[in-house]
Amino acid sequence: MTHPPHQSPEPHLGHEPHLTYPWQPPPAPPQPPPPRLPRHPAPGRHSDLRILRRAYRVQRRVAALTALGYFTLFLALSAFAPALMTGTVTGGLSTGLLIGLCQLPVTGLAVLLYEHTARRGLDPLAHRLRRQAELTYGAGGGGRP
């Protein structure tokens with residue numbers, strides 16, 4: 001005795017039923033990719049960004065070379081002029097110890113120099129570029145995530 005082929009109680013919905021589970025709905029169609037955000041030109045003129053990067057690079061070098069240069073001078077004097085470093089300045093204080101103790105104020109001076117040049121040269125330019133970007137792209141600060 002042969003049985004008639006299985007008939008689905010639902011009419012054909014325009015999709016092929018899943019072979020293993022014919023009662024399940026068809027898989028969702030693939031979602032289209034999200035729309036791409038429009039490309040905007042970089043905020044400000046490229047020369048402004050170049051100036052900002054260059055000023056920041058100079059600022060880092062000056063501050064780092066101030067502190068590291070002083071320390072290198074201390075090491076060079078310790079290695080090549082031990083007689084100078086062991087000489088006394090006043091009341092048993094050696095020249096080497098005095099130069100070593102001056103390392104802390106010199107490092108503080110490098111930090112102050114870094115902050116001063118940032119406030120005077122970098123912050124106004126960065127503020128101007130930020131304000132220009134906000135005017136161009138809105139208060140959100142940019143057209144891209």
Side-chain angles (χ1 to χ4, degrees), residues 1-82 84-87 89 93-145:
M1 169 187 251
T2 60
H3 294 280
H6 175 70
Q7 297 292 326
S8 173
E10 299 178 21
H12 189 61
L13 298 176
H15 70 277
E16 293 295 320
H18 192 277
L19 296 177
T20 308
Y21 305 106
W23 58 85
Q24 288 187 342
Q31 295 291 329
R36 296 187 72 190
L37 296 173
R39 295 186 66 90
H40 296 288
R45 297 185 314 263
H46 290 289
S47 62
D48 288 342
L49 294 174
R50 240 181 264 119
I51 290 170
L52 183 63
R53 281 193 300 266
R54 186 180 311 125
Y56 183 60
R57 188 171 35 246
V58 167
Q59 178 194 24
R60 283 183 311 206
R61 287 178 183 165
V62 167
L65 290 177
T66 301
L68 292 176
Y70 187 85
F71 186 68
T72 303
L73 175 69
F74 174 74
L75 291 178
L77 287 174
S78 296
F80 299 112
L84 174 70
M85 298 299 274
T86 56
V89 178
L93 181 66
S94 69
T95 308
L97 183 59
L98 180 65
I99 293 174
L101 289 174
C102 288
Q103 180 69 40
L104 188 62
V106 168
T107 304
L109 178 68
V111 169
L112 290 175
L113 178 68
Y114 189 86
E115 289 179 2
H116 174 72
T117 56
R119 269 193 229 105
R120 195 167 151 228
L122 295 174
D123 289 348
L125 182 57
H127 182 68
R128 188 179 79 209
L129 288 173
R130 186 178 304 117
R131 190 174 51 228
Q132 184 178 1
E134 287 173 355
L135 291 174
T136 303
Y137 302 118
R144 290 184 231 170

For this session: Could you please spell out the steps behind the side chain to side chain contact (heavy atoms under 4.5 Å, CB included) verdict for Thr117 and Val62?
Result: CA-CA 10 Å; Thr117 56; Val62 167; over 6 Å; no
Exercise. Can you list the residues that meet the side chain to side chain contact (heavy atoms under 4.5 Å, CB included) rule with Arg120, with sequence neighbours excluded?
Worked result: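 With sequence neighbours excluded, Arg120 shows a side chain to side chain contact (heavy atoms under 4.5 Å, CB included) to His116, given in chain and number order.
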Exercise. Minimum heavy-atom separation for Leu122 to Gln59, with atom names?
Worked result: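 Leu122 and Gln59 have their closest heavy atoms at CD1-OE1, 2.5 Å.
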Exercise. What closest approach, in Å, do Ser78 and Met85 show between heavy atoms, and which atom pair accounts for it?
Worked result: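 Nearest heavy atoms, Ser78 then Met85: OG-CE, 3.5 Å.
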Exercise. So Cys102 and Phe74, side chain to side chain contact (heavy atoms under 4.5 Å, CB included) or not? Walk me through it.
Worked result: CA-CA 10 Å; Cys102 288; Phe74 174 74; over 6 Å; no
Without placing hydrogens or testing angles, list every side-chain donor-acceptor pair under 3.5 Å for residues 104-111, not counting sequence neighbours.
residue	atom	partner	partner atom	Å
Thr107	OG1	Gln103	O	2.9
Thr107	OG1	Gln103	NE2	3.4

Exercise. Where do Arg128 and Leu125 land on the side chain to side chain contact (heavy atoms under 4.5 Å, CB included) test, with the steps shown first?
Worked result: CA-CA 5 Å; Arg128 188 179 79 209; Leu125 182 57; 3.1 Å; yes
Exercise. So how far is it from Leu93 CG to Leu101 CG, rounded to the nearest 0.5 Å?
Worked result: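 Leu93 CG to Leu101 CG: 7.0 Å, rounded to 0.5 Å.
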Exercise. Between Arg119 and Glu115, is there a side-chain N and carboxylate O pair less than 4.0 Å apart?
Worked result: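 Yes.
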For this session: For residues Leu129 and Leu52, determine if any side-chain heavy atom of one lies less than 4.5 Å from a side-chain heavy atom of the other.
Result: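 Side-chain contact under 4.5 Å: yes.
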Exercise. Would one find more than 12 heavy atoms of other residues, nucleotides or ligands at under 6.0 Å from atom CZ of Phe71?
Worked result: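 Atom CZ in Phe71 is not packed in, count stays at 12 or less.
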Exercise. Sub-3.5 Å donor-acceptor pair from the side chain of Tyr70 to the main-chain atoms of Ile99, do we have one?
Worked result: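 Looks like yes, one N/O pair under 3.5 Å.
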